[in-house]
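See structure below.
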Amino acid sequence: MVDFKAVQDKWQKKWKEEKVFEVDIDPKKEKFFINTPYPYISGSLHIGHARAVTEVDVYSRFIRLQGKNVLFPMAFHISGTPVLGISLGIQNGDEKKIAQYKEYVRAYVSNEKEVEKIVQSFVEPWNIVNFFIPKMKEEYSSLGLGVDWRRSFTSGDVEHQKLVEWQFHKYKEKGYLMQGKYPVLYSKTLKNAVGEDDISDGDTNPVEKKEFTLMKFPFGDAFLVIATLRPDTMFGQTNLWVNPDISYVKAKVNGEKWIVSRQCAEKLSFQDKKVEIIEEVSGKSLLGKSCKALHKNSELLILPYKGCKPEIATGLVISVPSNAPYDYMALKELQDSAQLCQKYGLDHTKIKQIQAISIIESEGFSSEAAKEICARMKITSLQQEKLLEEATKEIYKIEFHTGKLLSTCGKYAGKSVQHAQQMIIEDLKKEKKADIFYETSRPAVSRDGGEVIVAIMDNQWFLDFNAKGWKKEASQSLKSMEIVPNKYRKQFEDVFEWLDKRPCARLRGIGTQLPFDTKWVIESLSDSTIYMSLYPIQERLKKYKVTGEQLTPEFFDFVFLGKGKVADLSKKLGLKSSELQDIKDNFDYWYPFDQRHTFQPHLANHLSFMIFAHTACFPKEKQPKKISFHGLIISEGMKMSKSKGNVVTLMDLNKSYGADAFRAFLCNSTSVDAMMNWQSSEVEKTKKHVENIFTVVEEMTKNEREGTISNKAFVSRVEGLIKRATLSLEEMNLRDYSNVVLFDLLREYQRVARLGKDLPAIHYYLSTRWVPMLTPLCPHYAEELWALSKNKGFVSTASWPKYNEKLIDEKAEFVEETIESFVDDVREIQKLVKKEKLSKVVVILAPSWKYTFMKEFKKEFAKERDIGVLLKKVMDKEHAKEITALVPSLVKNTSKIPFVVLTQKEEEAVFKEYKAQLEKKLSCTVEIVCAEKSAEAKAQQALPSKPAILVQ
RNA sequence: GCGCGGGUGUCGGAGCGGUCAAACGAGCUAGGCUUAGGACCUAGUAGCUUAGUGCUUACGCAGGUUCAAAUCCUGUCCCGCGCACCA
């Protein structure tokens, strides 16, 4: 029994020792530079990470076998907040995080004390990076990847940082950067912007920023300020709600006096407003008074509603009982209860006069939407909060998309809700009656327990994709790029269309400082858009010990853009001219990259930014050439997640299946761009199958000798398969390619082996092709088989077999199929007549004229489908009756038309040639006659390649 | 809501105007090989019918275009993903 694990280890070691995948400039060879996004450091690698790299490896190994100089590099991403988050978590004694990282470390380190020590060291982010990167490299290598690791780096390395600085200088020069106001989620205690991973449960229950419209209702010398998501319902406003149990504040906000909740006043101070609290105003004191409406000259009564929460928005709520279920119920409660009104000292009759105003009609609701939905959902009380919430959402959803404003809405009558909303906001803002207020979509706290609110940054750095000419250039670049599959091109175009301004720096996280405003750190998606340009030169930078100080913008201008003179730069930087030139030569040889293979969801962000970044930084000839996509990977039918326990790590993989089985499964289970479902039971089967192939080929190599093969059909089919595999791989159709090497070739071999003829020659012929063809998919086993055949060197760097078009012989294949289907038919008949044993089979070949007819018919059928016309064209008086019957049936069932039409003589020769074989197979005598010489009625049925059969 | 992708047998999935109940794989059934097999090999696997290679039926649902549609068009239902400051 072969020790497959040992085979894998052996070849991985040899590849490394002999530096098989360390590539350099080779002027004799065409280069091919392929890459895939660098992984983020966050723990063990799993099969999700493995998909992209494995696909790249399979494809690039094919390209290598075709004789190109293939560069497949890999680096690591550490920018942003996640690594920092791990450090902070461990520093703050976050039990969950500590346990999680202990588990990760335990996978590599057995001594528990050591584990403890290592995890504690993670309070320093670089220790995390330095611990995991070697492990990740090892795990990647265990997949059998042909990566040139000399060129590896991290996004925190000085070379990378200097590159990004150069990039941002370029952006600045071109006017692609701008500063402006921007709302962000903000922690009051951290005094900083926060992202998903800084917020408690932020990953499972994301917090969004919601934009409210503030409406300012004049109230004495001040304004009562409410916040609403539905300014479009302004004309339905009937009253205002305050919470009678809390106190509000009157505050000076940018010079005006506003009445809002205390919490709101504080939030306003974070949102670009100057706030000064003047005095407290109790909710109770407002009851029964009224303020001025905004859209008409009337008063809105202030009524009590305990649902007004001071921590949400302004704590004051506008009432639209026609369309808001809450308002409808709250008003109804007051109107229905004189007692309640009395309690608050309100005039019940006055309240009873308040009527909902019809303002909007939609496809789901009449103008009394709130009333309707309450009835429909059986809402009878304000206590049914969940239902009320749901009802509100439902109405908003329908009205937003299908609602139209009615004639009660003044100049907005007839407008759609969506449209009116925008107009009303604009108009009110112009009249200074409204403002904007941001609120979180749910109450949230940062991990240290501090409240998360929305703050407006007034000097946020943006990348402005709409800056002059940028979009146009990027679109042009996209046009000359190959997109695989091409269906994603349209999506790129759409994304380019809506890309606008994007914040590109943050105040925290690991990364590169903005060179001209160093308190900002370049955001982690913006800092990883041109790093591929480092791969061609990184190894040289290390070799020549180039320091960070030497990696000035002029350096990159020279290496990347050819600006300046070597001699000058050499003097300036203190680097040898020859070294500088060598670095540049390396860049010029390898760049641009020929392909980037990526996860489809990167399209709208990373890949689009990458294209923009390249157009901003590099000339036309250095733009990316091809982008290819792969799909999602799920495990056992579900998204991979720790809680589901279905995460398969590369270590699991290596232990249970080995690289070659994994690679075979990955490529064979689904097409590259489709979602892939990892099922361990299926992988198990693939593993067995791959090992079986190994055994079969191994056996072949024991008895192989170059020689002639008489079976033309076999050779033809194999050549056809080589062609198919080649064409499939050229299109990166890994699934079809793997079908050929895993199944079709095996089947062909088994089929021909059964005949037992020319075996050594067949073995030689097949193994010299099959083994190289297997290499991209199962490189380890292929190397072993290559060595078993006493070949020299590595099959990894051997040649892909060339198919010989001349050997592809349709006729030979067709003849064999004819014989096979003949055998099937005999068996079928044998079953029908229930004869255990046959004594004789008579083959009655179709009469000669039918062959002539069929040939003619086939020719005509290629251009004409009309039965009437066809009949006229192929009519032959002598056989009119038969032809009249035959033509319609052939048109209806085209399967009766043979692929290749032989002549009667040829077909007779074929059957004679196979006579002995047939007799053996059917264990009876076989007699061959032509229909012309047969008196049998059956003879009538015979067709070319479908002889009539008589069994005895 | 907008954008994109998808709905085919027991399952994974091919096919994307014209040779086929539907590639290839898996599962299942029977047989073989074998000490054994969860290894491997052979055959079968929609239904009906038959001395035959025939018929009927499927490609989410409903229509349409065509001599011809799973494949093109229209409508409709369902599912997945993305909608930005997050790697």
Side-chain angles (χ1 to χ4, degrees), chain A residues 1 37 39-40 42 77 79-83 182 184-185 193 195-197 202-203 206 397-398 400-402 418 460 462-463 487-488 490-491 494-495 497-506 509 523-526 528 600-606 608-609 631-632 634 668-671 673-677 679 681-682 684-686 688-689 691-692 695-696 735-736 738-740 742-744 747 750 754 821-822 824-835 861-862 864-870 889-899 938 941-943 946-951:
Chain A
M1 194 61 195
Y40 196 86
S42 56
H77 197 203
S79 317
T81 46
V83 167
Y182 190 69
V184 293
L185 292 173
E196 194 178 282
D197 42 58
D203 45 346
K397 192 175 147 192
I398 290 176
F400 185 78
H401 296 292
T402 67
Q418 241 179 96
Q460 170 72 49
F462 292 90
L463 233 48
K487 66 180 177 189
Y488 290 120
K490 169 99 173 49
Q491 226 166 316
D494 293 347
V495 170
E497 195 65 35
W498 60 253
L499 274 177
D500 185 14
K501 291 174 186 53
R502 184 193 159 85
C504 61
R506 309 178 68 184
E523 180 268 331
S524 55
L525 270 183
S526 308
S528 51
Q600 192 271 328
H602 284 152
L603 191 152
N605 43 53
H606 166 71
S608 294
F609 303 158
L632 181 72
I634 60 173
N668 198 247
S669 69
T670 192
S671 53
D673 71 307
M675 177 172 78
M676 179 193 157
N677 186 10
Q679 286 173 286
S681 58
E682 298 289 315
E684 195 59 50
K685 282 160 200 152
T686 309
K688 280 180 186 143
H689 185 79
E691 291 174 359
N692 181 228
T695 317
V696 168
R735 183 180 225 263
D736 195 44
S738 70
N739 265 335
V740 172
L742 292 179
F743 299 106
D744 297 327
R747 201 172 335 101
Q750 283 164 347
R754 235 170 286 147
S821 79
F822 169 77
D824 285 347
D825 289 343
V826 173
R827 290 264 148 84
E828 186 73 15
I829 297 162
Q830 189 181 358
K831 231 191 284 174
L832 286 168
V833 295
K834 298 189 180 72
K835 262 194 179 171
F861 190 65
E864 179 57 60
R865 299 281 162 163
D866 189 289
I867 294 176
V869 180
L870 269 170
S889 95
L890 288 174
V891 173
K892 197 174 162 208
N893 188 352
T894 45
S895 68
K896 285 179 181 169
I897 307 167
F899 257 134
K938 280 258 161 288
Q941 290 178 8
L943 285 173
K946 278 279 174 202
I949 300 163
L950 278 176
V951 302

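In what follows, chains are A, B, ... by sequence order, proteins preceding strands, each numbered from 1. Side chains are part of it too, since the values below use all heavy atoms of this structure and drop only hydrogens, waters and symmetry mates.
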Remember a base hit wins even if backbone is also touched, and classify [X] as base, sugar-phosphate or nothing at under 4.0 Å, heavy atoms.
{"X": "A:His689", "answer": "nothing"}
{"X": "A:Lys685", "answer": "sugar-phosphate"}
{"X": "A:Ser671", "answer": "sugar-phosphate"}
{"X": "A:Asn692", "answer": "sugar-phosphate"}
{"X": "A:Gln750", "answer": "sugar-phosphate"}

- prompt: Taking the side chain as C-beta and beyond, is there a heavy-atom pair between A:Arg502 and A:Ser526 under 4.5 Å?
  reply: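 A:Arg502 vs A:Ser526: side chains touch.
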field: Side-chain heavy-atom pair A:Phe743, A:Asn668 within 4.5 angstrom cut-off
entry: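 The answer is yes; the side chains approach within 4.5 Å.
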Whole-Å gap separating [atom2] ([N]) and [atom1] ([X]):
{"X": "A:Glu497", "N": "B:G3", "atom1": "CD", "atom2": "C1'", "answer": "13 Å"}
{"X": "A:Asn677", "N": "B:G6", "atom1": "CG", "atom2": "P", "answer": "19 Å"}
{"X": "A:Leu499", "N": "B:A84", "atom1": "CG", "atom2": "P", "answer": "12 Å"}
{"X": "A:Glu691", "N": "B:A39", "atom1": "CD", "atom2": "P", "answer": "12 Å"}
{"X": "A:Lys688", "N": "B:G37", "atom1": "NZ", "atom2": "P", "answer": "14 Å"}
{"X": "A:Met676", "N": "B:G6", "atom1": "CE", "atom2": "C1'", "answer": "19 Å"}
{"X": "A:Gln600", "N": "B:C81", "atom1": "CD", "atom2": "P", "answer": "12 Å"}
{"X": "A:Asp744", "N": "B:G25", "atom1": "CG", "atom2": "C1'", "answer": "11 Å"}

query: If you pin A:Ser669 and A:Tyr40 to their nearest nucleotides in RNA chain B, which one's is more 5'?
result: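 Closer to the 5' end of RNA chain B: A:Ser669.
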- prompt: When you match A:Leu525 and A:Asp736 each to their closest nucleotide on RNA chain B, which lands nearer the 5' end?
  reply: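 By nearest-heavy-atom nucleotide position, the 5'-most residue is A:Asp736.
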message: Distance check, C1' atoms only: B:G47 and B:G38, in whole angstrom units.
response: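 Here B:G47 and B:G38 have their C1' atoms 34 Å from each other.
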- prompt: How far does the P atom of B:G27 sit from the matching atom of B:U35, given to the nearest Å?
  reply: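 Those two atoms are separated by 25 Å.
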Side chain of [X], heavy atoms from C-beta onward: which of [options] has the nearest atom to it?
{"X": "A:Asn739", "options": "B:A87, B:U53, B:A23", "value": "B:A23"}
{"X": "A:Phe743", "options": "B:C24, B:A87, B:C40", "value": "B:C24"}
{"X": "A:Pro82", "options": "B:C40, B:C24, B:A87", "value": "B:A87"}
{"X": "A:Thr670", "options": "B:G13, B:A84, B:A87", "value": "B:G13"}
{"X": "A:Arg747", "options": "B:G25, B:C40, B:C86", "value": "B:G25"}
{"X": "A:Arg735", "options": "B:U53, B:G82, B:G13", "value": "B:G13"}

